[in-house]
Engineer: 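Structure provided below as structure tokens; questions to follow.
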There are 2 protein chains.
Amino acid sequence: MKSYHQYCALARGLDVLGDRWSMLIIRELSLRDCRYTDIRDGLPGIASNLLAERLRELSHAGVVERYESPKPIASALYRLTLRGRELLPAMHAIVRWASPLMVSGPADGDHERGRWTAFAADAFLGGPGADATTLSVQMGDDEEPIVIDIAAGDVSVRIGTDDHADVRVHGSNWMQLGLLSGELSFSEATRLIEITGSRTAVRKLRGVLHRRRTVGSPIAAVGGR
Amino acid sequence: MKSYHQYCALARGLDVLGDRWSMLIIRELSLRDCRYTDIRDGLPGIASNLLAERLRELSHAGVVERYESPKPIASALYRLTLRGRELLPAMHAIVRWASPLMVSGPADGDHERGRWTAFAADAFLGGPGADATTLSVQMGDDEEPIVIDIAAGDVSVRIGTDDHADVRVHGSNWMQLGLLSGELSFSEATRLIEITGSRTAVRKLRGVLHRRRTVGSPIAAVGGR
DNA sequence: CCGCATCCGGGGCGATACTG
DNA sequence: CAGTATCGCCCCGGATGCGG
């Protein structure tokens, strides 16, 4: 995209991030390092030349870097730089703002990925003021399940399974997102989707989600006018 | 822009905000209600049909609304809805991320506006965890000066002047931004630009800026990987 | 198979002109 | 002042090809 040519931090930020697909590329790299094709799989409809071009631009901006993968893997990988990871708070803020747009569920023809739900989980549970309990949650059933690890205020989300998870949440991305964002109350969620685990672990999850919803409401942060 | 057709909160957010100029329109409306031409003045180079189209889209998304102005003014105005104001935390996060891109100063041909600096001031000083002191700061000299009012933890920024301001900061947008973002240390700033006011008021400002820089460092928020 | 580069319609964007 | 209309152009989307 052409630069806005404005001496304004927002405009300069958008000069880097504002191109179509750019933020979604960063989303893909936020959970794991990716091969070219892995990124492509997360961006249905992108033209291959565009992906290459975006990776060059983001690389030049110092947000993404390419490196030769270690021995077992036969290909190069892309990953976020530190500067790139510093973008996550901003993108998580967009996720929180957009969560009301998700209550209607997937539209006809919408693509779905478990890792996109993981990205949202990071947005809702992570960041400063995270919960101080310890809990591991396994979410999603079939393809691309995710694990949320809460350990003394530090929240990490990854793709994969954990056989020793304290709680298991089975349900569509729609239901998972509703539970995480708080658009779906915990009691409603327990009726609509299967949540298994010890009584205390389930209560812990309920506590974490409830606290997350009441702290740092966006309305309060907007302030006066 | 065409929808990404992804059931992902980030993608759905960008379906609303991702078009060229959209976020900059919201920036313009964040400080004051605007006439069509006022917005246009803040977006040098936008085609007028695009501005009209974006306003329609943002209006349809419930972010912006048009209303008939009260008597003395002879025209319609645009303003952010509540839903639109809830976007500010996300846009402020982008501003904070992009502030290192501003240290090089305005590039050749860059447009400048005092209100863009005001928007950045909001990003750096506002939000939760704001300072609990009381202080009014007048910034910028000639065209479009701004006033920052800090009153018991509530920060509000507006365009205009305040003859009773506690501190006055004279200097280019470049210098003002450096001071606000912390890329310029306060002691450097006092050498490079004129900061006038009572000794205690200047110390207060120094305290506010210093506290803002040390609290909520982005690095800590990114977390492990 | 992976990581692109190339080619080619179509539509979004930029610039200007025009109107109530 | 507040838009609408028009016209190139370039970016984007989709397909194909090709070297490693």
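To find a chain, count down the sequence lines: A is the first, B the second, and so on, and within it residues start at 1. None of these values were measured; they are calculated from a predicted model. Excluded from the calculations below are hydrogen atoms, water molecules and symmetry mates; all remaining heavy atoms, backbone and side chain alike, are included.
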Engineer: Walk me through it: do A:His92 and A:Phe119 pass the test ring pair (Phe, Tyr, Trp, His ring centres under 6.0 Å)?
Structural biologist: CA-CA 8 Å; A:His92 287 161; A:Phe119 186 70; 5.2 Å; yes
Engineer: Which residue is it: B:Val157, B:Asp166, B:Val169? I am looking for the one with a side-chain contact (heavy atoms from CB on, under 4.5 Å) to B:Val137.
Structural biologist: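 Filter result, single survivor: B:Val169.
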Engineer: If I compare all heavy atoms of A:Leu58 with all of A:Ser22, which pair ends up nearest, and what's the gap?
Structural biologist: CD1-O, 4.0 Å
Engineer: Below the 4.0 Å mark, does C:dC2 have OP1 or OP2 next to a side-chain nitrogen or oxygen of A:Ser75?
Structural biologist: no
Engineer: Can you check the B:Leu51 CG to D:dC1 C1' distance for me, whole Å?
Structural biologist: 13 Å
Engineer: Determine, for A:Trp97 and B:Arg12, whether the Lys NZ or Arg CZ falls below 6.0 Å from the six-membered ring centre while staying within 45 degrees of the axis.
Structural biologist: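 Not flagged: B:Arg12 not positioned over aromatic ring of A:Trp97.
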Engineer: Please determine whether a side-chain nitrogen of the Lys or Arg among B:Asp41 and B:Arg115 lies less than 4.0 Å from a carboxylate oxygen of the Asp or Glu.
Structural biologist: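 Looking at B:Asp41 and B:Arg115, the cut-off is met.
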Engineer: Can we say B:Glu53 and B:Arg56 salt-bridge, meaning some charged N sits less than 4.0 Å from an Asp/Glu carboxylate O?
Structural biologist: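 A salt bridge is absent here (no side-chain N lies under 4.0 Å from a carboxylate O).
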Engineer: CD1 of A:Ile25 versus P of C:dG3: gap in Å, rounded?
Structural biologist: 14 Å
Engineer: If only atom types and distance count, is the side chain of B:Arg20 paired as donor or acceptor with the main-chain N or O of A:Lys2 below 3.5 Å?
Structural biologist: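 Yes; at least one donor-acceptor contact below 3.5 Å.
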Engineer: Side chain of A:Ser59, backbone of A:Glu65: donor and acceptor closer than 3.5 Å?
Structural biologist: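 Pair absent, no side-chain N/O of A:Ser59 close to backbone of A:Glu65.
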Engineer: Within this structure, what is the CZ-to-P distance between B:Arg35 and D:dC1, rounded to whole angstrom?
Structural biologist: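 Spelled out: CZ on B:Arg35 to P on D:dC1 is 6 Å.
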Engineer: What is the distance from CZ of B:Arg66 to P of D:dC1, rounded to the nearest Å?
Structural biologist: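 Atom-to-atom, B:Arg66 to D:dC1, this comes out as 15 Å.
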Engineer: Figure out the CZ/P separation between A:Arg40 and D:dG14, and round it to whole Å.
Structural biologist: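 That distance rounds to 12 Å.
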Engineer: Measure from CG on A:Leu55 to C1' on C:dG3 and round the result to the nearest Å.
Structural biologist: 10 Å
Engineer: Which one, D:dG3, D:dC1, C:dA5, comes nearest to the side chain of A:Arg56?
Structural biologist: C:dA5
Engineer: Could you list all N or O pairs between the protein and nucleotides 17-20 of chain D that sit under 3.5 Å apart?
Structural biologist:
none

Engineer: Which heavy atom of B:Leu51 sits nearest to which heavy atom of B:Ile25, and what is that distance?
Structural biologist: CD1-CD1, 3.7 Å
Engineer: Quick one: B:Asp41 CG to D:dC1 C1', roughly how many Å, whole number?
Structural biologist: 14 Å
Engineer: For the pair made of CG in A:Asp38 and C1' in C:dG3, what is the distance, rounded to whole Å?
Structural biologist: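 Distance, rounded to whole Å: 12 Å.
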Engineer: What's touching nucleotides 18-20 of chain C from the protein side, N or O pairs under 3.5 Å?
Structural biologist:
none

Engineer: Produce the list of close N/O pairs, under 3.5 Å, pairing protein atoms with atoms of nucleotides 10-13 of chain D; give distances to one decimal.
Structural biologist:
| from | atom 1 | to | atom 2 | distance (Å) |
| --- | --- | --- | --- | --- |
| D:dC12 | OP1 | A:Arg54 | NH2 | 2.7 |
| D:dC12 | OP2 | A:Arg54 | NH2 | 3.3 |
| D:dG13 | OP1 | A:Arg20 | NE | 2.5 |
| D:dG13 | OP1 | A:Arg20 | NH2 | 3.3 |
| D:dG13 | OP2 | A:Trp21 | NE1 | 2.9 |

Engineer: Is B:Asp162 reaching over with its side chain to a backbone N or O of B:Gln138, donor-acceptor style, under 3.5 angstrom?
Structural biologist: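 A pair under 3.5 Å: no.
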Engineer: Using a cut-off of strictly less than 4.0 Å, decide whether A:Tyr4 has a side-chain nitrogen or oxygen near OP1 or OP2 of C:dC13.
Structural biologist: no
Engineer: For the residue pair A:Asp15 / A:Ser3, report whether a side-chain donor-acceptor contact shorter than 3.5 Å exists.
Structural biologist: yes
